[in-house]
Each structure stands twice: as C-alpha cells, then as structure tokens.
Amino acid sequence: MAQKYPEYKGINYADIAEQVLTFWKEKEVFERSVSEREGAPTFTFFEGPPSANGTPGIHHVMARTVKDIFCRYKTMQGFQVKRKGGWDTHGLPVELQVEKELGITKEDIGKKISVEEYNRKCREAVMKFKDQWDELTQKMGYWVDLDKPYITFEPQYIESLWHLLKKLYDKGLLYKGYTIQPYSPGAGTGLSSHELNQPGCYRNVKDVSATALFKVKGTERDYLMAWTTTPWTLPSNNSLAVGKNITYVKVATYNPYTYQPINVILAKDRLPAYFNEKAKEIALEEYKEGDKLIPWQVLDELKGSQLVGTSYEQLMPYIPLAAPALTVLEGDFVTTEDGTGIVHLAQAFGADDYRVSVANGVPGVFVKDEDGNPMPAVDKQGRFVKEMGDLAGRYVKEEFYADEVRNAPDFKSTDVYISIKLKEEGKAFKVEKYEHSYPHCWRTDKPILYYPLESWFIKTTAYKEQLVRLNRTINWKPESTGIGRFGNWLENLVDWNLSRSRYWGTPLPIWRTEDKKEEKCIGSLAELKAEVAKAIAAGIDQKPIEGDFDPHRPFVDEVYLVSDSGKKMTREADLIDVWFDSGAMPYAQWHWPFEAQDVLKENFPADFIAEGVDQTRGWFFTLHALAVMLFDDVAFKNVIANGLVLDKNGNKMSKRLGNAIDPFKTLAQYGPDATRWYMIANANPWDNLKFDLEGIVEVQRRFFGTLHNTYNFFALYANLDGFRYQEGEVPLEQRTESDRWIISRLNSLIADVERAYNDYEPTKAARAISDFTVDDLSNWYVRLNRKRFWRGDYTQDKQAAYQTLYDCLEVIARLSAPIAPFYAELLYRNLNGVSGRQQQESVHLALFPKADQGRIDLDLEERMHDAQIISSLVHSLRKKEKIKVRQPLSRILIPILNQHQREMISAVEDLILNEVNVKSIEYIDDASGVLVKQIKPNLPRLGKTYGPRMKEITGAVAKFEQADIARLEREGVYTLELPGGPINLTLEDVLITSQDIPGWSVASEEDITVALDMQISDELRQEGIARDLVNRLQNLRKDMGLDVQDKISITVARGETLVNAALEANREYICTETQALQLQFTDQLPEGTLLEMDDVQLRVQVEQV
RNA sequence: GGGCUUGUAGCUCAGGUGGUUAGAGCGCUACACUGAUAAUGUAGAGGUCCGUGGUUCGAGUCCACGCAGGCCCA
C-alpha cells in the first residue's frame, strides 16, 4: 500500500486514460466486473449492432457513452451485466459499397462477377473498419465484449433466424402477397427507397394531367371530378376518395369540350382552380357553345362524409367492375392542395390506392395471366395487356417507346390518347400539361411506375393490439418517442415487407414447387440436411449438406428439396430485410435455441437498450415486433432514443461538408472523460447535441479542473500530516458545522444521483455531481476550511477535516465512475491506494454509494444557505464601500423576523464572521424600533380564494403603511374595506420582510437583509495592518521558494507608531500564520525588503531557520 | 403532405402544479483576493422568453393558429 497520495503538477487527461486503460487490461477489470457478479441478479443490455463497413464518428461516442453509463452503474449496484458486442453485416449499403469499389452494377452480378465472388467481396468489405471500431471502443472506455461478438453473417446466427422465421411460418404469419412498389419496367426490377433517394432520381417533368368526370349513378348529369397526373391509370380506376371533413360543392356549368350542361362536384377550396370568378355573374342560360367564359353557379354544399358511399359509372369500362367498386370512399390522404379534392384510385398503381381499396374490400382492375393468376392491366414491360381493346400493347409512358417511334410526327402518347378519348366522350373537364417532381430509375433514366410486386410479408397487423398494449409497458426516454412517434407508427401498422431482391443477406428459407402448390419452411441446418438427403434419395441430384455449409447465396440456391408429393422444390429467391437480422439479436446472438437456453432465460427481455431516435421504426420496432409475436413479451423495458450530434452551428455533420468531428482526434486531445462528460452534461441525450469542442474545454476546466485541484489540495496536506485514514472515524457530532453540512450535502447528492441514474436521466446526474463539486465542495467547504488543513497540530479536528474531504472525493469518484470512468478510476485508486478503505482495487468493481438519510440535515443545509447569502451580501457591501476583506470590521446587523431565523443564523455565526472578517453579528428585532418593513401579497394563496378580486387587493396592500403592517402583525388579521366588499387579511395571506435600516448601508437577498458597521477603530486598523503584513510575508516566503512546512525568522525595521503597535499587538498571530519562530524589531534594516502596503511601508528581512 | 421534436441573455442550458423584479455556467467589462494560484471572489452590462390570437385577476408556463430548425415517414 502506498504511503503517499500522488500529487500532480500538470495533468494530461489523455495520458491518464492510457494509464487507466493499461491497468484495466492488466487486471482484466472488465472481465472481472462481469465474472465477479456471477450468481447476482442480471441486468440485461442489448447492443444494437453497428456496421463496420464505415468509419465510426463522434456520434457513436455519444451513443455508446449512454449505453456504457447504465451498464457500469448497474454493475456498481451489484448486478451482473453481460454485454455482448455485435456486428451488423448484411444489407444494401454493403452491396453498394462493393459495387462502387468494383465499378460494377447489379446487372453485372452473375455475369461479370459470380454471386459467390460478389458475396465474398461483401463479406470482406463489411469488416473493413473493424479495427478502427475496436480502437474507438477501447479508447472511449466503452465496455462491451469484443472477443465473442455476434456477427449476423455467421451460419449459426442465420440458423437462429431461420428458426424464428419458421416459428412465424408455423403460426401462419408468413405469407406471400402484393405490395405497390417503385418499379422500373426497363430494368425489370423493384427499387428501394434508398435507390430512389439517390441524387437526380427525382426530376421535374411535364406530364399530361387530366380532370376526369365520373358520372354519379342514377342522376341525369351529376359528375364527380377527379384529377390525375397519370391518365393511363384511369382505365384501372376502381374507386374515388374524399376527405370526410372537406367541404364539397355541386356546381352547375357546361362541359368545355362538348358544351353540354352538367353539374360537377369538387372541393369548395378548389373552385378558383377550375372556375373563372368573372364567369360567375353570367346567367347559365346565356351560355353559347364555344364561349370563352363558361358560366357557373354553386347549387349545393356538402361534407365529404355525405359523399362517401355514392356510386358512379365506370369511366372506361374495358374490364367491367361491380360494387363495392365504383363508389366513393374516405381517404385520410386527401387534401385540397391541388386537384379537385376528390382522388382517383387505381388499386394496382398506388400505395394509398391499394391500402384504401383493400381496407374497404374493393376489387381493383385485374386480368388473369397465363397461369390464371391476377395481374394488373399493365404488364411488367409497362404495356397495356391484350384485354384492353384499343389500348392493348401501348406503353403507358412515352419514354418507354423507342426514340424513332416517339419522334414520329403523328405520335401520340398514351396519356394524350386517353385524354382525347375522354374529351370526345364528354368525360373530361380539363386537360393540361402539369409540371411536377417524379422519380426516375437511376439505371434506365426512365420514369418508374408504382406497380404491384410479389413479396413475402410478416403479418404484424395480426398482433397490432398486443404490440400497442405491450408498448405501453415500456419506459421510453423521452416519453414522446414511445407514445408519439413509436405509438403512432404502431397504430398505423402495415404488414412487414420482408423480401429483398438482393444477393448479400439472410436467405428466406422457404422452398416451393413449380406450381406453387406445395411449400416448405426450413428451421435449422439439421432440418435442411435431412430434407436434402430425402431429396437425393428421391432422385434429385445435388451435393449433400456438409457441416461447413454456408447458408448464403449462391449455395443455398443450389439446394433443392422434394415435396411430400414427390415434386422438386426450389428456394424462393428473396433475401430477408436486414432489420430482421438485428431485431432477432436477443435470440440469435446466443445461437438460441440450438445453444444457451439458460442464458436467454436470464437475459431476456433487456432491461435497457439505447440507440439513435432514427431507429424507432428500425431496430426498436423489429425488436418489439419479434418479441411480441414470438414470445408475447416486450424485448426491452427501458429505452433511450438519443438524438443527433450536430456541429456547433446546428448543422448535420458530414464528411463532404468537412464539419465532421474526428472522434480519435477529440479523444486524443481532450481525453475520453471530458468528452463523455460534456456530451452527457450539456444536453439530455434525446435532444440534439450541438457539438462544440469549446464545450469540452469548459467541462475540463470547470469540473475536472476543480475536482483535480481539490484532490491536489487534499493530497498536499494529507501527505504532510501523514493522514492515511487509519484513525477511527471522528463521530459526526464531534465534527464542525461545515463538516456536517458538506456530509449532509454529499448524502443528498448521492440520493439525487441515484434517482437520476435510476430514471435514466444521466444529464441530471452529471449536473448534480458537477454542481456539488464546484459550488459546495470547492468553492465553499474548502474555501472555508483551508486553514484547518495547513495550520496546527494533527488534532482530531484536523483529522475530521481530512476524513470529511476524503469521503467527499471518494464518493464523487464512485458517483461519476459511470460517466467519467477513467478519471474516477484514477481518483479512487489514488485515495484508496493509501487508505485501503475499499476492498475492490477498481472503482468499477466497487459498489455504488448509498445515501445515509441519517446524515442529511435539511435544517443545516438551510442554515448554511443563509450563511452563504449573508457572506455574499457582506462582500457586496464591502465592495460598495471599498473596504477590503483583509480589513477587519466590528459588526454586522441582521434584522430578524422571528426566533427561528435567529437560531438558524446564530448556528452558523462563526462561519460567517470568519469568512467576511467581521467581529460580531447583532440581531435586531421589532423591539429595536428601527426596522422598516415591507409587505407583499402572497399571490398564489390569495388567488385561490379571491380570484378576480386580486387587482383591488394587491392595490390595497401596496398602500400599507408601517402602522398597517404593525396592526396586522399584532392582531393577526386586518380587514380591508374594498368596493367589492370587506376582506379579512391574515398573516398567511402576505409576506412581510424587513429590507431597510434607516441610516445604514444595507443589502438584501431572499428574506435576509444585512447592514454593515463601517467604523474602523485603531485596534481594527492595527489588525488590518497585521493581516496585510502576513499577506506580504506569505508572498515573500513563496518568492524564496520555501515549502509550506519550512520555518522562518522575521526581522522588522521600526516605523510608524501605529504600525509598531499593530505588530506588537498581533505578534502571535503573525508568527502562527507565517510559520515564524521569532519576530524581532530593529531600528535599521537597510538590506531588508521594502514591503508596500496600502498606506504603510515597512522593511523586513526573512530568513529560513 | 403527415407524425414527433426544438425555439428563454452573444453561446450552452435550468425554469413542479400559472403568481409581482425570468435564472445558472461560459464569454465580455470593472474591481478585489493571493499558501488551492494555469485557481478564486464580487459587481456590471446583456432578454420582444420565436410570432399572433385566446383562456385567466394574472401566461415563459395552459389552448389554438402560424414561423423557423431538426428527425422519421409518405
């Protein structure tokens, strides 16, 4: 055990971190923090796997700090916290990166490069920056198991996924269906939203837009008007949608192309877009064919809800439809921003269209393909099918035609062709070019279609109720993400589209016969092996499954099974959504259920997870969905959804803009503790953080600097006195008021910090620790008690001071260990290395402190608060009167409102007198007759009783004279005669303070007022001189390079009488303060140093003895 | 376009349940202190509490509608 507390000259926080890191590694502290808790209750944390195909950023430091804090905290509370690291390895970003590096596109896969080779490249790329990630993890002090991480591409991981998929399959939750997706007919493939968001995909184009007239059934000439920018979808119209709260009007007018009188229905707000205000004046009868201004007249007004259910005639009956098609539905997406406020729906060609149609049980326009399966009226090349009469074979978009066809003089696009047809049939009201933004395929450069594509789905909607119900049991930080963002997402749940048409990912383990009548879902590699053996036996030639089988493509595609009826089965080509990979990590990370049954039992669900708020619909959802559907349980009980890390101006960080912060540089320059502390203390994790390096500097100076100074102060004197905390603890009642106060504050702090951590409020914890350290401990306790440490013998009082300060520092180390793991470790080990008070050699193996309620004395805290206010007021008065603190003063006056206040202040009198260098406090009360009182109405109280009469009451109270206040105080009640009737005012209804003493210089704050006696007697003046001398002598000592404990002898040249008297009268004081063994006078001292004091000069000589 | 979120001093942030004069730290200015000294203390300047309307005796706080930034989704 060390004899001395290490003392520091300068400190480099990054070096400290390196040392601590080495210590952790040597002593395997992280491993032990888990293994030493074997058998203890578990606290389960799930690590959301990052993808190592990119470099880590500063925001990862933020996210991981949040995770780390609570894992360390719970460990210190005695829980066993296993944290398995993980890597997310599949998915489109990996594929795109590889394609970019190889200079290929998706088309080249299978041609220029084999799927096997391509996937091998992906596998390499995905771990490209693993070393950087591991380095960051270590350097920032994030404790997570990097030795045995789960990796989503490993066969065991995939096997677990297959098991879960099969469970879903067996529950009937996996089905193949349609979804409307962006589709490129030229490329023959669906596009992901990611692909659509590539720059240049959305372009402004001019399309033909048509406002079509849908005739209401059973009327002579009533039409519903609907507008579309894709007239080619009109033959597939199956419904119209209106907004239920939108107001619609029926307007009598004429068809501008056929000139026939008609009544049209549209949203009232859209009238100006279709009708000329000038034409409103014209009588309907005056209209003649071809007139430019077409008269119109509003006949009727009705709500959207009244329109719902209205039947209309099919606009273009190529494929006849029957009810419930061709009726008006309600659509939540309908607006009056553009169009008519009535939206045309074609089930096959729009996501909203599909959703609303299916929800209302409305059939769409479909034909049968060769296999008898339904298909839309447009084929996958983008052409109308043969059933579409004169439209058959036409491409729906003119861009799909070859250029020579398109440029022919008589070429008409399909949209134009249809528009003309509608005009001729009296079914069009307006046809015009319309410019809008429309997505294009990044490969073919041609517009995409929204088109129904086959996909595998998980029927999450079947579990909507459970998902919502169980979500309510999750503690979300912030709450709004849980009930708002996530809750709304669950309320509007759609089935989970699992399919991805890609190469690098988890293959869907479903095999089908060619006629799609038979299907098998495989739930394990063993099962696959057995099924393959069966297939081989049935004569399907292929390799048997070996132990080292890689379940990725292309190998899994070369596996064929045999159906129960003896037919060959091939795998569905889809891969699954990578979110399934990560959502299944609670089970797959342990290769459950093939291994680790017990581990899962102990470690599910998670007590805590944390990830960016952008994961709400990603990881948070898939974790939740799988846990609810498979286990009827939540996957996590507490979750922090942290915000973004922006640059200091609030802009998103990006490498392109050059405002990204390099995490490695930051950690190297400022060290991990200040970086972590700044990120946590500056803003709540769920708010966006405006990351400013200046902020780290501030944290370093203010919190770590102060803490370190305080420790250094302690170490300096504790080493001199040989304090090693070997003596028994000084009983609380034998300690000073300020000792008991800081101990009380310390225990309050422990309770506050524990509560904050328990509530997943790390910001509150950090701020509380910092405020205590800076304000209470350093700026008040140490300041007040400095002399106890460096003066006098090693008495019990001195021991009490050391013990108190030691305890504070040691508790701060443990409280802040989760946030600042390195510095806390250093502090803890520096202290404990000498005292040996704790058994654990690391703060992270130690237990979190417990607040001792018995040591919390709120009365004492209030008293000390008063002392602080009074001291501050006296300083303020001295400053105003230009009397420096070194000049002692005789007394301060404090008006006392009641006995309690007097007792409170008396108890801390010595502290105040010491701090402000004043000899005594005089309390003055009513009896003195000099107080001037002030009265204020107690608004919250009066407001509750009198409400609207407040104005007259406050007015009356404002007019109170001293006599009125005295009468109220004397009688306890005062009747106000007011215009609105008399009111009995009691003492509780008002706040009386004393804020003035006539003839004195006073200052006041809260309910305390202080007056200062500025008379300086000769005696006080002498003492002031003595203090000045001490101060100058101390400076001399320092200049001479003397150590604190070195002794001196002082020789002073006689001077003014007052000065001589001052030195004689305060000889002992001067000697004690300056560690002088003797103080002697002489007449001449030419070699002595001339000391300049305010209005005195003195020659002295100081020698070390 | 929808959902969620943020807006308070030059900067970063506090401001239960509505209550008279809106706070802290940093920065700035001035002064003081000097055995914690690359510290510390005191004072000062600095505010349309994003805007508009409403509820109320009283709104930074509650309600409505906007504006601006952010995230997610369409």
Side-chain angles (χ1 to χ4, degrees), chain A residues 9-11 193 332-335 337-338 351-352 478 480-489 491-492 612-618 641 643-644 646 648-652 678 681-684 686-690 692 694-695 697-699 701-703 705-706 708-717 763-764 767 770-771 774-775 778-779 782-783 786-787 789-791 871-880 882-886 915 936-944 946-954 957-958 991 1030-1035 1037-1038 1042-1045 1073-1075:
Chain A
K9 285 259 150 52
I11 184 165
S193 60
D332 52 11
F333 50 86
V334 180
T335 69
E337 296 288 311
D338 49 22
D352 282 334
S480 62
T481 298
I483 57 175
R485 191 184 279 224
F486 195 66
N488 290 338
W489 163 250
E491 292 292 342
N492 300 312
V613 66
D614 53 341
Q615 297 290 332
T616 307
R617 289 165 187 199
L644 266 66
L646 309 168
K648 62 178 176 182
N649 299 316
N651 300 311
K652 217 172 162 174
Y678 162 69
N682 190 64
N684 283 312
W686 40 88
D687 290 329
N688 289 348
L689 174 69
K690 288 185 195 159
D692 188 354
E694 291 291 314
V697 175
E698 189 183 323
V699 161
R701 241 202 7 245
R702 188 169 160 75
F703 174 62
T706 306
H708 190 66
N709 268 336
T710 307
Y711 164 78
N712 247 352
F713 172 84
F714 165 82
L716 174 67
Y717 295 111
T763 307
K764 282 187 181 163
R767 287 177 180 171
S770 174
D771 286 348
V774 175
D775 296 335
S778 172
N779 288 352
V782 173
R783 181 150 65 94
R786 278 205 310 250
K787 286 184 180 157
F789 291 90
W790 55 263
R791 197 165 57 184
S871 301
S872 160
L873 290 172
V874 174
H875 280 304
S876 166
L877 285 170
R878 276 180 172 274
K879 147 107 184 154
K880 198 166 92 188
K882 296 197 188 337
I883 302 172
K884 57 187 179 183
V885 179
R886 238 184 273 128
E915 171 65 12
K936 286 197 299 188
N938 184 353
L939 291 171
R941 187 185 156 90
L942 285 169
K944 279 192 186 69
Y946 298 110
R949 301 190 57 193
M950 292 296 286
K951 278 231 164 80
E952 48 178 349
I953 298 173
T954 49
V957 173
L991 305 166
V1030 166
N1031 163 245
R1032 301 304 192 275
L1033 289 170
Q1034 300 287 32
N1035 287 345
R1037 285 184 56 116
K1038 255 203 286 188
L1042 297 186
D1043 272 336
V1044 174
Q1045 70 277 23
E1073 291 292 319
T1074 62
Q1075 308 252 27

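Keep in mind that this is a model prediction, so the values were computed, not measured. Reminder, nothing fancy here: chain letters follow the sequence lines and each chain counts from 1.
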Under a 3.5 Å cut-off for both contacts, is [N] paired Watson-Crick or G-U wobble with anything, and if yes, with which nucleotide?
N	value
G25(B)	C11(B)
G19(B)	C57(B)
G41(B)	C31(B)
C71(B)	G3(B)
C65(B)	G51(B)

Mind calculating the distance between [atom1] ([X]) and [atom2] ([N]) to the nearest angstrom?
X	N	atom1	atom2	value
Glu694(A)	C11(B)	CD	P	15 Å
Glu915(A)	C33(B)	CD	C1'	11 Å
Glu491(A)	C4(B)	CD	P	12 Å
Arg783(A)	U40(B)	CZ	P	11 Å
Leu689(A)	U12(B)	CG	P	11 Å

Under the ring pair (Phe, Tyr, Trp, His ring centres under 6.0 Å) rule, collect the residues that match up with [X], sequence neighbours excluded.
X	answer
Phe789(A)	Phe713(A), Tyr802(A)
His708(A)	Tyr8(A), Tyr823(A)
Phe703(A)	Trp677(A)

If only side-chain N and O atoms of [X] are considered, is one of them under 4.0 Å from the OP1 or OP2 phosphate oxygen of [N]?
X	N	value
Asn684(A)	A14(B)	yes
Asn709(A)	A39(B)	no
Ser480(A)	C4(B)	no
Asn779(A)	G41(B)	yes

Taking only the [atom1] atom of each, what is the distance from [N] to [M] in whole angstrom?
N	M	atom1	answer
G23(B)	G16(B)	P	14 Å
G58(B)	C50(B)	C1'	23 Å
U12(B)	A30(B)	C1'	25 Å
C71(B)	U61(B)	C1'	26 Å
A9(B)	A22(B)	P	14 Å

Under the side chain to side chain donor-acceptor pair (under 3.5 Å) test, which residues partner [X], sequence neighbours left out?
X	answer
Asn1031(A)	Arg886(A)
Ser770(A)	none
Glu952(A)	Arg949(A)

Closest approach to the side chain of His875(A), judged atom by atom: which nucleotide of G41(B), G19(B), A43(B) is it? G41(B)

Most 5' of Leu716(A) and Thr763(A) on RNA chain B, judged by nearest nucleotide: Thr763(A)

Result for 5'-nearest mapping on RNA chain B, choosing between Ser778(A) and Ala351(A), is Ser778(A)

Check every strand shown and say whether Arg767(A) touches a base, only sugar-phosphate, or nothing at a heavy-atom separation below 4.0 Å. sugar-phosphate

Does the protein touch nucleotides 22-32 of chain B at the base, only the backbone, or not at all? Give it as B, S and - per nucleotide, heavy atoms under 4.0 Å. ---SSS---S-

Could you write nucleotides 56-72 of chain B as a row of B, S and -, 5' to 3', where a protein heavy atom under 4.0 Å of any base atom gives B, of only sugar-phosphate atoms gives S, and otherwise -? -B------------BBS

Please report the shortest heavy-atom distance between Trp686(A) and Ala641(A), naming the atom on each side. CB-O, 3.4 Å

What residues form a side chain to side chain contact (heavy atoms under 4.5 Å, CB included) with Asn709(A), not counting sequence neighbours? none

